[in-house]
Amino acid sequence: MHKNKTFFEVERLSYCTKHRFPTGLFPTIPSPTSHRLHRQRFKRELLFLFQNHKVFCVLMALALSVTPTSSSSCVLSRNPSPNFKTTLLNFASPRRIHAINPLHRSFQCLQSPSQHLNTSPFTTSAVTSSSSSQTTELVLQRLVKEFKSLAEPIDRLKWVLRYASLLPPMPDSSRTESNRVMGCTARVWLDAELGQDGKMRFWADSDSDVSKGMCSCLIQLLDSATPEEVMELKTEDLVELNVGLLGGERSRVNTWHNVLVSMQKKTRRLVAEKEGKAPTFETFPSLLLTSDGIEAKGSFAEAQAKYLFPEEARVQQLVKVLKEKKIGVSAHFYMDPEVQGVLTAAQKHWPHIYISDSLIMADAAVKMAKAGCQYITVLGVDFMSENVRAILDQAGFGEVGVYRMSDETIGCSLADAASAPAYLNYLEAASLSPPSLHVVYINTSLETKAFAHELVPTITCTSSNVVQTILQAFADMPELNVWYGPDTYMGANIVKLFQQMTLMTDEEIANIHPKHNLDSIRSLLPRLHYFQEGTCIVHHLFGHEVVERIKYMYCDAFLTAHLEVPGEMFSLAMEAKKRDMGVVGSTQNILDFIKKKVQEAVDRDVDDHLQFVLGTESGMVTSIVAVIRSLLGSSANSKVKVEVVFPVSSDSMSKTTSPKGPSSIKVGDAVLPIVPGVAGGEGCSIHGGCASCPYMKMNSLNSLLKVCQNLPDVENVIGGFKAERFKRQTPQGKLIADVGCEPILHMRHFQANKELPKELLDHVLSREGKR
């Protein structure tokens, strides 16, 4: 286009185009000093305009390389390509359109100073969006076109940085903790306002230019949008921008999503306030931890916090008897908070105390037996003490005594479901469809495992290894039928997980299991079965009501969910997991995730507020608090705050009329304590109230002391507490203890070697040969 111009003119135009200056501004190419002065002048003029609400068409024409005509109302339009030459003013159309000049956002040229005044404390924004005539969809299309024109990732990132330069300074009064966007690696602040015209206004800032640029892009989309338009936008809609999404850095994925979620959360609140509606939901109880201490919010949290700092006399009383009688303790994470508080403190004085998930409990017992412990006390439900007894026998420690915490049955809703006739019918159907493998959850009785193993070759699993167990089985035997049980929610979640894998690439699938690809995952789905009639009464609580409250109030928090939770909670946590904002798995997986996130925040050494929704049994809190306090204490001047939220279903709460509330409730022959919240006149129901297992709460500190003090049990005072070796036989005449232990040993082999034992594979294939 410059072929008819002199060489000087070509150089002059090249200079102006490169630095986005009006082509008529310089008769000659300015010196570097002159260039710097001109840039400073433009910045001062623009800042003056921002601060005084006066955007004059002539000055904007100058700043944006335009030539004004005559009108009192003007609109900027632009070529949607980042490699533009000029920007034009359109005075004829009443429609406002964003400018796409990469260094400047669009400015509305006002007819009179009074029309732009409002009551916002932010006065005006350099980042304004389109009017209702230009929908969010059109603005998104324009942004997508911009970014798509840049082929290289580094160029797209630079484009984000250009947008960052357009975001005006945020008032210091808005850089508050309440305006912090959770989950971002960098610090991000967001404030919002619902205008008199019913449109949303947003302001943002960050200490990271990349995050700031992403905020700028989102404000391009949603500033001046209707609340409905704000709520309709999804993170997936931003994929085509191709910056930090679909394989990009986790932190950038988080920024897009978390800023958007915060926009929607603030929009929802502002709309409710304008309509005079009270919040739809009350906040869940929570514990707030800092390096200075712990603050409990809500009576349930207060009851949990009460036992985090046990009396030293109680701790020493337990330690003394454990040392004297060489007693080991194997406890599950779901213990009563009072018990866990004392055990956690006692660990500092006696090393043979393990608090873990069900997978580790038996292994811990073997370690303690090898270290010289003569007795193992098991704090859990009955199938856990059965497993400990069986594994100790297999390891050659039959002389080591194993004791439960009650002479009554300490049941489990899942174990009961697997003992019902319906489960036997399920297994009989599996036996008629060889080659079949029964993958049974460890939360079942030894008797169930033994009877099942004689009907269908069986391997035990836990929530942390069930997916890998099933994938390995299908890899070893492609024509296999897998029958999982008894947890219905976990079975449905596993199927949903494999269905999601059909949307992955072969490479992504191989990262999960190296012997699988898209074809193999599609092939296994029709041959994966799960039992339809078994649920955990605790995880059943995380249903629709709790999920809706989490979506409404904790959409920007870290989500943790046990694999046993209902499908809605599972899907919510899985979506968060994709952004590294959540975890789905075992209790140990949940603990590890929280530890990792807190450690990252401490390492960043900035003020931060992490919020974790605890999607599993509330007894986990003791171990979680211990880990968090240790991490926060490792940094003397840590500015990190960590909040652990307890999702409580309203159906689980038992209101009482007594000022003190009932202290216990009878379940069958067992008397269970009401847990806790009595200070607020509320308690947890026997149906798993407050995500608290009533069976686990039968393991009291008094019971532990009673067992320990009566060992050795010469006078048979605690005979009913002892976990005896099964002497009954299976239908085929074998000892239940021996047959029931085989599926557990198969799992232990898989855990150690990452392959299924040959004995199990031969067992499956031999059944097919008999068909």
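Val645 approaches Pro647 most closely through the heavy-atom pair O-CD, 3.4 Å. Residue Ala204 comes nearest to Leu167 through the heavy atom pair O-CD2, 3.3 Å, listed as atom of the first residue, atom of the second, then distance. Annotation for Val613 and Thr560: closest pair O-OG1, 2.7 Å, computed over non-hydrogen atoms. Closest approach of Lys597 to Leu610, counting heavy atoms only: O-CD1, 3.7 Å. Here the closest heavy-atom approach between residue Leu190 and residue Val259 is recorded as CD2-O, 4.0 Å.
Remark: Ser206 OG to Met214 CE distance equals 10.0 Å, nearest 0.5 Å. Taking CG of Asp209 as the reference point, atom SG of Cys215 lies at 11.5 Å (rounded to 0.5 Å). In this structure, CG on Leu166 lies 11.0 Å from CG on Leu161, to the nearest 0.5 angstrom. The CG atom of Leu143 sits 9.0 Å away from atom CG of Leu238, with the distance rounded to the nearest 0.5 Å. Remark: Phe646 CZ to Lys297 NZ distance equals 12.5 Å, nearest 0.5 Å.
Considering only residues two or more places apart in sequence or on other chains, Asp592 meets the side chain to side chain contact (heavy atoms under 4.5 Å, CB included) condition with Gln588. With sequence neighbours left out, Lys266 forms a salt bridge (Lys or Arg N to Asp or Glu O under 4.0 Å) with no residue at all. Contacts of Lys595 classified as side-chain hydrogen bond (donor to acceptor under 3.5 Å, both in side chains), with partners at least two apart in sequence or in another chain: none. Taking the side chain to side chain contact (heavy atoms under 4.5 Å, CB included) definition, one finds that Glu236 meets it with Lys234, sequence neighbours left out. Remark: Glu575 pairs with Arg579 by the salt bridge (Lys or Arg N to Asp or Glu O under 4.0 Å) rule, at least two apart or across chains. Taking Ser208 as the reference, nothing meets the side-chain hydrogen bond (donor to acceptor under 3.5 Å, both in side chains) condition, with sequence neighbours excluded. Among residues two or more places apart in sequence or in another chain, the salt bridge (Lys or Arg N to Asp or Glu O under 4.0 Å) test is passed with Lys274 by none. Contacts of Met231 classified as side chain to side chain contact (heavy atoms under 4.5 Å, CB included), with partners at least two apart in sequence or in another chain: Gln264, Thr267, Arg268. Applying the side-chain hydrogen bond (donor to acceptor under 3.5 Å, both in side chains) rule to Lys265 yields the partners Asp556; only residues at least two apart in sequence or on another chain are considered. Here Ala296 pairs with Leu287, Ala301, Glu302, Ala305 under the side chain to side chain contact (heavy atoms under 4.5 Å, CB included) rule; sequence neighbours left out. Applying the side-chain hydrogen bond (donor to acceptor under 3.5 Å, both in side chains) rule to Glu600 yields the partners Lys596; only residues at least two apart in sequence or on another chain are considered.
A donor-acceptor contact shorter than 3.5 Å is absent between the side chain of Asp155 and the backbone of Leu150.
Under the 4.0 Å criterion applied to side-chain N and carboxylate O atoms, Arg175 and Asp191 are not assigned as salt-bridge partners.
Using a 30° and 60° split on the angle between ring planes, Phe593 and Phe558 fall in the perpendicular class, above 60°.
Every pair passing salt bridge (Lys or Arg N to Asp or Glu O under 4.0 Å) that includes a residue from residues 604-613 is listed here, sequence neighbours excluded: Arg180-Asp607, Arg180-Asp608, Arg187-Asp607, Arg604-Asp608.
No side-chain donor from either of Thr616 and His562 sits under 3.5 Å from a side-chain acceptor of the other. For the 3.5 Å distance criterion, the side chains of Tyr554 and Glu643 fail to qualify, holding no donor opposite an acceptor. Side chains of Lys199 and Thr226: a donor-acceptor N/O pair is absent below 3.5 angstrom, by distance only.
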